[in-house]
Amino acid sequence: MTKVITIANNKGGVGKTMQAYQLATHLAHKGNKVLAIDLDSQANLSSTLGVDVRRTLIPEWLIGDVDAEDVICPSEGKYDFHKNLDVIPASRHLANLAKLLILSEAEVRKTAGRKERLLKMRIEKLANKYDYIVIDTPPMLGDELIMALVASTRVLIPTQAQDYSIDGLEELMDTFEIIKESENPSLDFNIIPSMVNMRRKLEKQRLEELSQSFSVSAGVRNLVDMQESISAKKPVFMMGKNSKGKQDYANLWTSLGLN
Ligand SMILES: Nc1ncnc2c1ncn2[C@@H]1O[C@H](COP(=O)(O)OP(=O)(O)OP(=O)(O)O)[C@@H](O)[C@H]1O
Ligand SMILES: [Mg+2]
């Protein structure tokens, strides 16, 4: 069974795309067949995986106007793992998704019942061609995020220090609970501290408070390594053994059983 992992947080700039990139490349490097789906019209994940399209066909794929073969592209880069890693790229046109879904409402109702189920249906049609699907989502609680949550087996929620409060996560957790109850009872989640600076006492304290309510995994520190990884399009696992980013992510994937 294909495992579908969504990286989500309606807050912007918390490290979602970073995590999606590191996870998709790590899993491909381990020999898994991986599909990365970029549901953010900023298309940062697509470009880091070497794919730039003028116009994404994600809306047409969701509605059923085009087949998966028309939206899936091979990832591109100089490393071996790229052969195991495909991408469904985004472009700024994805911002029109909500409008398109309204225009195709009758069609959507006929095929999926509810628009929330569209992505899940399309993924099921891929018929276990992939071991893992990793989905990057935009920083808002919109159609893209909801569809991804309905289609997923697991959600990873990168969270930054200022949001280490139940209040900050409340909106996202409410949505998560609704989807769990209505569409996807087996959905699992982990909160992952992102860009951590443990020397800040307040940060440590807030993290401890958060751990009392939720399952919080090992975090990833705020590191220059990480920014270099994106600009060089080189995943952290390819960096030298002294790379702190490499260590943090290795620990994280082990603690989540994603080896
Ligand atoms: N662990 C880290 N250490 C240092 N910088 C990081 C780390 N993780 C991410 N960054 C940097 O922080 C910025 C935001 O990260 P990223 O783009 O992954 O966030 P995002 O949640 O996807 O943002 P958006 O909500 O806009 O999609 C980027 O410049 C990224 O390189
Ligand atoms: Mg992003």
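Everything quoted here is computed from the prediction, not taken from an experiment. Quick note: numbers below take in every heavy atom, side chains included, and nothing from hydrogens, waters or symmetry partners. We count ligands from 1, going down the list as the structure has it; atoms in each ligand are counted the same way.
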Do you see a protein non-hydrogen atom under 4.0 Å from atom 21 (O) of ligand 1? yes

State whether any protein heavy atom lies less than 4.0 Å from atom 13 (C) of ligand 1. no

Could you tell me whether ligand 1 has any atom less than 4.0 Å away from a heavy atom of Asn44? no

With heavy atoms and a 4.0 Å threshold, my read on which part of Asp40 contacts ligand 1 is side chain

Between Gln19 and ligand 1, find which residue part has any heavy-atom pair under 4.0 Å and reply side chain, backbone, both or neither. neither

Do any nitrogen or oxygen atoms of [X] lie less than 3.5 angstrom from nitrogen or oxygen atoms of ligand 1?
X: Lys16; result: yes
X: Gly13; result: yes
X: Val220; result: no

Any heavy-atom pair between the side chains of Leu49 and Thr25 that's under 4.5 Å? yes

Is any side-chain heavy atom of Asn96 closer than 4.5 Å to one of Pro59? no

Which atoms of ligand 1 sit under 4.0 Å from any heavy atom of [X]?
X: Gly12; value: 25 (O)
X: Arg221; value: 1 (N), 2 (C), 3 (N)
X: Val14; value: 19 (O), 20 (P), 21 (O)
X: Gln227; value: 4 (C), 5 (N), 31 (O)

Could you tell me whether Arg114 and Glu183 make a salt bridge, using a distance below 4.0 angstrom between a side-chain N and a carboxylate O? yes

Answer yes when Arg55 and Glu60 have at least one side-chain N-carboxylate O distance shorter than 4.0 Å, and no when they do not. yes

Excluding sequence neighbours, so at least two apart, what forms salt bridge (charged side-chain N to carboxylate O under 4.0 Å, His left out) with Arg122? none

Lys110: what forms a salt bridge (charged side-chain N to carboxylate O under 4.0 Å, His left out) with it, not counting sequence neighbours? Glu107

Quick check on the 6.0 Å ring-centre criterion: do Tyr249 and His26 meet it? no

Under 3.5 Å, which donor-acceptor pairs link side chains of residues 79-88 to any protein atom two or more places apart or in another chain?
| residue | atom | partner | partner atom | Å |
| --- | --- | --- | --- | --- |
| His82 | ND1 | Ser75 | OG | 2.8 |
| Asn84 | ND2 | Ala28 | O | 3.0 |
| Asp86 | OD2 | Tyr130 | OH | 2.6 |

Nearest neighbour in protein (non-hydrogen) for [atom]:
atom: atom 7 (C) of ligand 1; value: Met195 CG, 3.4 Å
atom: atom 18 (O) of ligand 1; value: Met18 N, 2.9 Å
atom: atom 26 (O) of ligand 1; value: Gln42 NE2, 3.2 Å
atom: atom 17 (O) of ligand 1; value: Thr17 CB, 4.1 Å
atom: atom 16 (P) of ligand 1; value: Gly15 CA, 3.7 Å
atom: atom 3 (N) of ligand 1; value: Leu223 N, 2.9 Å

Modelled atom types, side-chain donor and acceptor of Ser229 and Gln22, under 3.5 Å: yes

Side-chain donor-acceptor contact under 3.5 Å, Asp52 with Ser47: no

With a cut-off of 2.8 Å, which protein N/O/S atoms are close to the Mg ion (ligand 2), if we only count those under it? Thr17 OG1

